[in-house]
Amino acid sequence: MLTRSARITDTFKEKGTHPMASKETLIVDCDTGIDDALALLYLLHDPEVEIRAVTTVFGNVDATVAAGNTLRVLELVGREDIPVAIGARSNWRGTADLAPFVHGDDGLGNTGLPAPAAAPTSEPAAEMIVRLARENPGRLHVLALGPLTNLATALLLEPDLPRLVKHVTIMGGAVRHPGNSTPAAEANIHNDPEAARMVLRAGWPVTLVPLDVTMTEVFTEDHVDRLRGAGTPVTRFVATILAHYLDFYEQNVFGARGAACHDPLAAAIAVGDVSPVLAPVVAVDVDTGDGPGRGATVADIRGQYRDFPAQRGAAVRVVLGTERTFPELLADRLCGRAGTRRRVA
């Protein structure tokens, strides 16, 4: 068992290298629970990806807890140079539907890891997003892995943000698939439907990675056994936090020990490691009413029988199909296997 008395650097730390060249320059906006941690580690193991900053939001856990978890992950791979900013702790209605039953009370499977050595910045998340976008016009790709409150707040602060940001990739929504927060709504969108509606209708290029694909890319106990066998600080950390996650999925979702690759899959799509087999550009809206459909993502897929003809004004690429081979790539990347850079068609 991991103890609070041991420093995280002593139990897991693995030296990392700073990226020499960047294919994507990212701001990662996340609610760091278990799958967010996997997504961050997946990206941090790619020397061609530059993470300029991580901003945290409520969702799996409170935004402050998410910041601490993010700092633990960064410390694990020697990347304390990446700034972490705390963002919204609730949606615009003042509520927050957290998920300790999925991710544990600490967001990392109730592993009781020691506090990180570093601290978050004092700059609020939305302000950091705006500042970095202004300083790097047309360069930043925002990867949003939690509720979209920080991004929507940044849009209010800087209405020109869609012109300044290169692309936005969002893990969220459910199109043909049932929701996981309600029968109609996926958790990230359901936690702040008003913010999600603003972000999806802002006019910037968006890739939406919904449950339709994340639920088909399943990390199994066999993959976890590979991580345990690798025996590196990173793979020991991941195997430890995944125990709680697989318990949840076995008891509540699949009836077997396997977990959906929600956030890691979105990360892989954002940096081009996974090429979707079906990803039409369609109009997308969000139900912001107070009925049973609140938080549902409403995508116009009526053209599915005509090979999705172009829709005027549509700006959201909705990923509806992948090859379902991503978990192998994820395990390879985390185990440090050579030749896993790109790409899964």
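- Figure legend: cation-pi geometry between Arg89 and Phe58 absent, as NZ or CZ is not positioned both under 6.0 Å from the six-membered ring centre and within 45° of its axis.
- In this structure, OH on Tyr249 lies 14.0 Å from OG1 on Thr220, to the nearest 0.5 angstrom.
- Hydrophobic cluster membership of Leu157, counting Ile, Leu, Val, Met, Phe, Trp and Tyr whose side-chain heavy atoms lie under 4.5 Å apart directly or via other members: Val130.
- Alongside Tyr305, the hydrophobic cluster contains no other residue (criterion: ILVMFWY side chains under 4.5 Å).
- A distance-only check finds a donor-acceptor pair linking the side chain of Glu186 to the backbone of Ile189 [under 3.5 Å].
- Legend: ring-ring contact (aromatic ring centres under 6.0 Å, His included) pairs involving residues 59-94, not counting sequence neighbours: none detected.
- Side-chain contact annotation: Thr207 with Arg317, donor-acceptor N/O pair under 3.5 Å present.
- Of all heavy-atom pairs spanning Asn110 and Asp106, the tightest one is N-OD1, 2.7 Å.
- There is a side-chain donor-acceptor pair under 3.5 Å between Thr70 and Thr32.
- Applying the ring-ring contact (aromatic ring centres under 6.0 Å, His included) test to pairs two or more places apart or on separate chains, those with a residue in residues 211-233 are Phe219-His223.
- Listed by chain and number, the residues in a side chain to side chain contact (heavy atoms under 4.5 Å, CB included) with Asp307 amount to none (sequence neighbours excluded).
- Here ring-ring contact (aromatic ring centres under 6.0 Å, His included) pairs that include residues 97-146, with residues two or more places apart or in two chains, are His103-Tyr245, His141-His167.
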